[in-house]
Participant: 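After the structure tokens below, expect a handful of questions from me.
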2 protein chains.
Amino acid sequence: MNDGAAPLKGRKATLSDVARLAGVSVATASKALNGRSQVRAETRARVEEAAEQLSFSPNALARGLLAGRTGTVGLLTSDLEGRFSIPILMGAEDAFGAGKVAVFLCDARGDSIREQHHVRALLGRRVDGLIVVGSRTDPRPSLGRDLPVPVVYVYAPSEDPEDLSIIVDNVGAGRQAIEHLISCGRTRIAHISGDPTYGASQERAQGAREALAARGLELIGDVRFGSWTEGWGRAAASMLLAQHPEVDAILCGSDQVARGVMDVLREQDRKIPDDVAVMGFDNWEIFTSHSRPPLTSIDMNFERLGRVAAQRLFAAIDGKPASGVEALDTRVVIRGSTAPGH
Amino acid sequence: MNDGAAPLKGRKATLSDVARLAGVSVATASKALNGRSQVRAETRARVEEAAEQLSFSPNALARGLLAGRTGTVGLLTSDLEGRFSIPILMGAEDAFGAGKVAVFLCDARGDSIREQHHVRALLGRRVDGLIVVGSRTDPRPSLGRDLPVPVVYVYAPSEDPEDLSIIVDNVGAGRQAIEHLISCGRTRIAHISGDPTYGASQERAQGAREALAARGLELIGDVRFGSWTEGWGRAAASMLLAQHPEVDAILCGSDQVARGVMDVLREQDRKIPDDVAVMGFDNWEIFTSHSRPPLTSIDMNFERLGRVAAQRLFAAIDGKPASGVEALDTRVVIRGSTAPGH
DNA sequence: CTGTTAGCGCGTTCAC
DNA sequence: GTGAACGCGCTAACAG
């Protein structure tokens, strides 16, 4: 209907429009705009002015058709909250550098059919590579080996060791947490975790036990698994305090669990951190910064995860593929729940 | 370096590969795969089988080059948390229908330079349209009238009335909230809000006053503005209870503020909702579902916002543009903080 | 019904 | 230095 007679100003200028306005051929215009040296400075200036005047932006499609690369990568996520995807996306954008690469974000909502569908859509748009972000740390099915572009798995590794996966070192995270609590002078440490079917909770617990064992210590009572909720944190803390009133630190499986734990401590008049120190995992600002006191937590460095994934993907696109699992370390963010005054 | 010698299986099958394998011309193959009627069933089957065998996926770039449309829209956001963008993205994907349209998500991080940059990147990739999501409800600068594609502004309206904006009816939201509290039998209602420089807080307050006035009531004390944090909720609640112990309901500017308010109420042994009912805005699950009791809140219907935006954008792409501001209504989600047993 | 031709917008040889 | 010609993968016209 409105194809030819488009009245809009900025319709879409093509390279030949620019060339015509500058009085040169399309080839010359192309060279001029792409900074090739085979063109006189004066001519180049004329072309550039014409391009500016028409607010010309090169058609990346046509360019990609020719070059085989589109300067576009797909980011496939299953993370409804955007808790992981957004920081990872930002890290990836940073690593790719402004303007060079654009990122397609698709949310599969944990549905493998939808995921297959998005993969096809992205491949059809000729993305140069794929980043797959999982919502839990357990291995997930591979997209397959016969894809026409490189794939990097992030947070959730691929089940196929031939794929490249970038994950968080959750065992190390558990170790880090305990080491921090010990360096705060705590020795009677309990661990209230989340859903036991998550690899993350098992790994963090393992790291915690290792770090304690290295000092000849062990956890007060067993690890208490439950769910990743404040409600579980409250319930578990009540039981813990009844059974082991001597506890002087509680490591929590997530910041949300920690919030529940802190509520119970306050209600039972245990001072945080003087009587009992509390720590969480994930460093989710909305939970850690506004609690009383602010919550010490282990940050998963999602932005860095995204940056590294982008770098690896870039290398693979350039013909330097990698495989295996690369685990990145975490970072303790100290706040008032373990260190007074922070 | 690895251009010609790509060893990967699924490199990239082109339509002519399919045609050759099926023993037909590319044109016939195209017709067969696109379901045109001008092809014999047997031939079609042969082509489809060949396409399957080569796991052929049509090059959307080449197709878009010809059609002028790419089946791609850009979603430009400034929302670092993904709190709005993700649900809006999901709504848009739903409305566009699976497979027809893909969505590019770019995060401008509130930086207008980065935003301009992303706009150019998206336009260069020939998106068919743009959805711009703001992080607050105040009007934002227009992207300009001379863009080659339609634009729909979501949540934050454009300053230019010629643009089309889809927003949340925050005045109505404030009214809804008060009406719910009144229907729960409350009459001595206070309002603890967030940052007063946000349009949302002013509008919600206005709606609240209107609904009260309609019943011949008014707020207990002035609206208490502060920040969108639990900390402010705690501070404001303490002051409120000291000055107006008779209060029987507190409407909070956000779920986070409400969490702070509820903490103080519990510490002062005011039963929720029996003594004091509490409500929030935004219906942010992680806050509303796990508080004690679960928090009644006003849901902003972000998915619907995304769906409507996608529909309007689709219409505009089809040559049926619209302009002005379209306000969508909100929805009360009732939980235990206002209705016992919920 | 099927094949041939042309062209979408661009970059890259080559000749001039 | 500059321009004409070709091709990337695909679809819309026509021919056959």
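Here is the naming used below: chain letters follow the sequence lines, and residue numbers restart at 1 for every chain.
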Participant: For A/Leu61 and D/dG9, what is the distance between atoms CG and P respectively, to the nearest whole Å?
Facilitator: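 Taking CG of A/Leu61 and P of D/dG9, I get 14 Å after rounding.
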Participant: Are side-chain N/O atoms of B/Ser85 and B/Asp79 paired as donor and acceptor at under 3.5 Å?
Facilitator: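 Note: B/Ser85 and B/Asp79 side chains meet the donor-acceptor criterion.
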Participant: As a test of reading the structure: which of C/dG9, C/dT2, D/dC10 is closest to the side chain of B/Ala62, going by heavy atoms?
Facilitator: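 Nearest to the side-chain atoms of B/Ala62, counting from C-beta on, is D/dC10.
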Participant: Which nucleotide, D/dA12, C/dT2, D/dG3, lies nearest any side-chain atom of A/Thr28?
Facilitator: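 Output: D/dG3.
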Participant: Looking only at side-chain atoms of B/Val26, point me to the closest of D/dT11, D/dG9, C/dT2.
Facilitator: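 For B/Val26, the side-chain atoms sit closest to D/dT11.
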Participant: Nearest-Å distance, NZ (A/Lys31) to C1' (C/dC14)?
Facilitator: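 About 9 Å, once rounded to whole Å.
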Participant: Assuming nearest nucleotide by heavy-atom distance, tell me which of B/Arg126 and B/Ser25 is located more 5' along DNA chain C.
Facilitator: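 It is B/Ser25 whose nearest nucleotide is closer to the 5' end.
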Participant: Whole Å only: how far is the CZ atom of B/Arg36 from the C1' atom of D/dC14?
Facilitator: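 For the pair B/Arg36 CZ and D/dC14 C1', the rounded distance is 14 Å.
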Participant: Will you find, in the side chains of B/Arg125 and A/Thr72, an N or O donor that is under 3.5 Å from an N or O acceptor?
Facilitator: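 Yes.
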Participant: Are A/Thr28 and A/Thr43 side-chain neighbours, meaning at least one heavy-atom pair lies under 4.5 Å?
Facilitator: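 They are in contact (side-chain heavy atoms under 4.5 Å apart), so the answer is yes.
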Participant: Would you kindly give the CG-to-P distance between B/Leu65 and D/dG7, to the nearest whole Å?
Facilitator: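 Interatomic distance, CG of B/Leu65 to P of D/dG7: 17 Å.
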Participant: Looking for any heavy atom pair under 4.0 Å, which part of the strands does A/Thr14 touch: base, sugar-phosphate only, or nothing?
Facilitator: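 Result for A/Thr14 = sugar-phosphate.
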Participant: Once you round it to whole Å, what is the distance between P of D/dG1 and CG of A/Asn34?
Facilitator: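 Roughly 18 Å, once rounded to whole Å.
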Participant: Measure the distance from CZ on A/Arg125 to C1' on D/dC10 and round it to the nearest whole Å.
Facilitator: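 Checked: the CZ to C1' distance equals 15 Å.
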Participant: Can you check side-chain hydrogen bond (donor to acceptor under 3.5 Å, both in side chains) on B/Ser158 and B/Asp163, steps first, answer last?
Facilitator: CA-CA 6 Å; B/Ser158 165; B/Asp163 290 328; 2.7 Å; yes
Participant: Tell me the interatomic distance from B/Leu66, atom CG, to C/dC10, atom P, rounded to whole angstroms.
Facilitator: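 Nearest whole value for this atom pair: 15 Å.
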Participant: Do you know the tightest heavy-atom contact between B/Gly199 and B/Thr137?
Facilitator: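 Where B/Gly199 meets B/Thr137 most closely, the heavy atoms are C-OG1, 3.7 Å.
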Participant: Consider the side chain of A/Arg63, meaning its heavy atoms from C-beta on, and name the nucleotide among C/dG9, C/dC10, D/dC10 that approaches it most closely.
Facilitator: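 For A/Arg63, the side-chain atoms sit closest to C/dC10.
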Participant: Heavy-atom nearest nucleotide on DNA chain D for B/Phe56 versus B/Gln38: which residue maps closer to 5'?
Facilitator: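 Counting from the 5' end, the first nearest nucleotide belongs to B/Phe56.
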Participant: On the nucleotide D/dT2, are OP1 or OP2 found under 4.0 Å from the side-chain N or O atoms that A/Thr43 carries?
Facilitator: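 Answer yes for this pair, as a side-chain N or O of A/Thr43 is under 4.0 Å from OP1 or OP2.
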Participant: Check every atom of D/dC10, C/dC10, D/dA4 against the side chain of A/Leu15 and return the nucleotide holding the closest atom.
Facilitator: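 Nearest to the side-chain atoms of A/Leu15, counting from C-beta on, is C/dC10.
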Participant: Would you mind telling me which of D/dT2, C/dG9, C/dC10 lies closest to the side-chain atoms of A/Arg40?
Facilitator: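 Closest nucleotide among those given: D/dT2.
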Participant: Take the protein atom CG of B/Leu33 and the nucleotide atom P of D/dA12, then report the distance between them rounded to whole Å.
Facilitator: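 It is 13 Å, rounded to the nearest whole Å.
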